[in-house]
Amino acid sequence: MDTAAATGLTFRDATDSDVDALVALIESAYRGDSSRTGWTTEADILDGQRTDPEGVLAVIKSPDSRLLTVERDGAVIACCQLEHRGAHAYFGMFAVSPTLQGGGLGKVIIAEAERTARETWGATEMHMTVISVREDLIAWYERRGYRRTGKMTPFPYGDERFGIPQRDDLQFELLVKPLA
């Protein structure tokens, strides 16, 4: 039995009609009090928005991206962005409903994302960036086979589309996993 069937999940590409549900899901997983229900909250390091309808729609419309949408019983419960970047794929915009976090869904979804990138694009590596102070999240990815590279990019301070930083030491670290 495949993993999706075993967990009752349906994986599909997002459409324009999913934008509002996906924005609400992503915001609930990372910002505000609702995000504190789960463990992926960024509410203590960032205020403001995590994404907006324009950002989600841009991912849906991009010819090199997919916004993998995960449903259970017809409800959107998770999502992740996959972007084809030559020999590797980029993994981002990962969100699981806070009330469902901690039950193993994230492992199933990231495995499906990796399989999709490998089979669809022939990607040999998955790349992602994580805010470097998110040690618990980085450790979770390391347990899934990702490695820290030490390559940092600055956080876009002053661009409120990415949130309002609550501290001055934020940066993104590149994590990489071989898919072959």
Side-chain angles (χ1 to χ4, degrees), residues 13-14 22-23 25-27 29-31 35 38-52 54-70 78-96 101-102 105-180:
D13 287 337
L22 290 168
V23 170
L25 168 70
I26 294 163
E27 292 296 312
Y30 290 97
R31 299 288 196 275
S35 70
W39 69 274
T40 61
T41 184
E42 295 173 343
D44 294 329
I45 59 172
L46 290 161
D47 226 348
Q49 71 178 33
R50 175 65 152 67
T51 191
D52 54 32
E54 296 76 19
V56 171
L57 191 59
V59 172
I60 292 171
K61 295 292 190 192
S62 172
D64 293 323
S65 278
R66 304 173 70 169
L67 190 50
L68 199 59
T69 301
V70 185
C79 68
C80 64
Q81 172 192 9
L82 294 172
E83 185 176 321
H84 185 209
R85 295 185 179 177
H88 75 270
Y90 178 81
F91 179 83
M93 215 177 272
F94 187 28
V96 174
Q101 291 178 17
L105 269 178
K107 291 181 221 175
V108 172
I109 294 163
I110 199 167
E112 177 64 13
E114 292 165 357
R115 184 197 66 76
T116 298
R118 195 173 44 250
E119 292 181 9
T120 304
W121 298 316
T124 57
E125 281 186 338
M126 186 77 86
H127 291 197
M128 71 174 71
T129 56
V130 179
I131 297 174
S132 62
V133 298
R134 299 287 319 277
E135 293 292 338
D136 54 342
L137 185 58
I138 291 170
W140 187 87
Y141 285 121
E142 287 178 312
R143 291 190 299 274
R144 314 270 106 47
Y146 287 81
R147 65 176 173 75
R148 298 180 86 153
T149 65
K151 294 180 183 169
M152 303 290 182
T153 54
F155 186 86
Y157 284 91
D159 188 342
E160 291 189 6
R161 291 177 303 163
F162 298 95
I164 303 166
Q166 301 302 298
R167 46 194 290 178
D168 62 5
D169 62 344
L170 301 182
Q171 57 185 342
F172 294 104
E173 182 171 2
L174 175 66
L175 305 183
V176 175
K177 178 182 180 177
L179 296 180

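Note that the numbering runs from 1 along the sequence shown for the chain.
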[X] side, atom [atom1]; [Y] side, atom [atom2] - distance, nearest 0.5 Å:
X    : Y    : atom1 : atom2 : value
M93  : L68  : CE    : CG    : 13.0 Å
I131 : I45  : CD1   : CD1   : 4.0 Å
I26  : T40  : CD1   : OG1   : 11.0 Å
I164 : L46  : CD1   : CG    : 9.0 Å
Q171 : F155 : CD    : CZ    : 11.5 Å

Kindly give the heavy-atom pair with the smallest separation between [X] and [Y], and that separation in Å.
X    : Y    : value
A117 : L179 : CB-CD1, 4.3 Å
A113 : F91  : CB-CE1, 3.7 Å
A29  : Q101 : CB-NE2, 4.1 Å
A14  : T69  : CB-OG1, 3.2 Å
I138 : S132 : CD1-O, 3.7 Å

- Message: Using side-chain contact (heavy atoms from CB on, under 4.5 Å), reason through I109 and C80 one step at a time and then give a plain yes or no.
- Response: CA-CA 8 Å; I109 294 163; C80 64; 4.3 Å; yes
- Message: For E42, give me all partners under salt bridge (charged side-chain N to carboxylate O under 4.0 Å, His left out), at least two apart in sequence or on another chain.
- Response: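 Scan of E42 (salt bridge (charged side-chain N to carboxylate O under 4.0 Å, His left out), adjacent residues dropped) gives R31, R50, R134.
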- Could you name each residue pair satisfying side-chain hydrogen bond (donor to acceptor under 3.5 Å, both in side chains) that touches residues 137-147, not counting sequence neighbours?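 Listed by first then second residue: E114-Y146.
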- Please list, chain by chain and in numerical order, all residues satisfying side chain to side chain donor-acceptor pair (under 3.5 Å) with D169, sequence neighbours excluded.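 Per chain and number, D169 pairs via side chain to side chain donor-acceptor pair (under 3.5 Å) with R167.
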- Message: If you count every heavy atom of other residues, nucleotides or ligands that lies below 6.0 Å from Q166 atom CD, does the total exceed 12?
- Response: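 Counting neighbours around CD of Q166, more than 12 heavy atoms of other residues, nucleotides or ligands fall under 6.0 Å, so yes.
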- Item | Neighbour count above 12 (heavy atom, 6.0 Å) for R161 CZ |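 At most 12 heavy atoms, drawn from other residues, nucleotides or ligands, come within 6.0 Å of this atom.
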Do the non-hydrogen side-chain atoms of [X] and [Y] ever get within less than 4.5 Å of each other?
X    : Y    : value
V23  : E27  : yes
R118 : T124 : no
C79  : F94  : no
W39  : D136 : yes

- Has the side chain of T149 got a donor or acceptor atom that lies under 3.5 Å from a matching backbone atom of L175?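 Judged by distance alone, no pair lies under 3.5 Å.
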- Donor-acceptor contact present, side-chain Y157 to main-chain L170, <3.5 Å: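 Judged by distance alone, yes, a pair lies under 3.5 Å.
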Less than 3.5 Å apart, which donor and acceptor atoms pair up between the side chains of residues 56-65 and the rest of the protein, not counting sequence neighbours?
from : atom 1 : to  : atom 2 : distance (Å)
K61  : NZ     : D16 : OD1    : 3.1
K61  : NZ     : D16 : OD2    : 2.9
S62  : OG     : D64 : N      : 3.4

- Item | Under the ring-ring contact (aromatic ring centres under 6.0 Å, His included) test, residues paired with F162 that sit two or more places apart |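 Expected list: none.
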- Go through the steps to decide whether E160 and Q49 satisfy the test side-chain contact (heavy atoms from CB on, under 4.5 Å), and finish with yes or no. CA-CA 7 Å; E160 291 189 6; Q49 71 178 33; over 6 Å; no
- After noting the C-alpha distance and the side-chain angles of Y90 and T129, does the key distance pass the side-chain hydrogen bond (donor to acceptor under 3.5 Å, both in side chains) rule? CA-CA 9 Å; Y90 178 81; T129 56; 2.9 Å; yes
- Derivation and outcome, side-chain contact (heavy atoms from CB on, under 4.5 Å), residues R148 and V130: CA-CA 10 Å; R148 298 180 86 153; V130 179; over 6 Å; no
- Output yes when K177 and E125 qualify as a salt bridge under the 4.0 Å nitrogen-oxygen rule, no when they do not.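 So K177 does not pair with E125 through a salt bridge.
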- Query: Does a donor on one side chain and an acceptor on the other come within less than 3.5 Å for Q81 and E83?
  - Reply: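 Side-chain D/A pair, Q81 to E83: present.
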- Query: Which residue pairs pass the ring pair (Phe, Tyr, Trp, His ring centres under 6.0 Å) test with at least one member in residues 111-134, sequence neighbours excluded?
  - Reply: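 Non-adjacent pairs meeting ring pair (Phe, Tyr, Trp, His ring centres under 6.0 Å): H84-W121, H88-H127.
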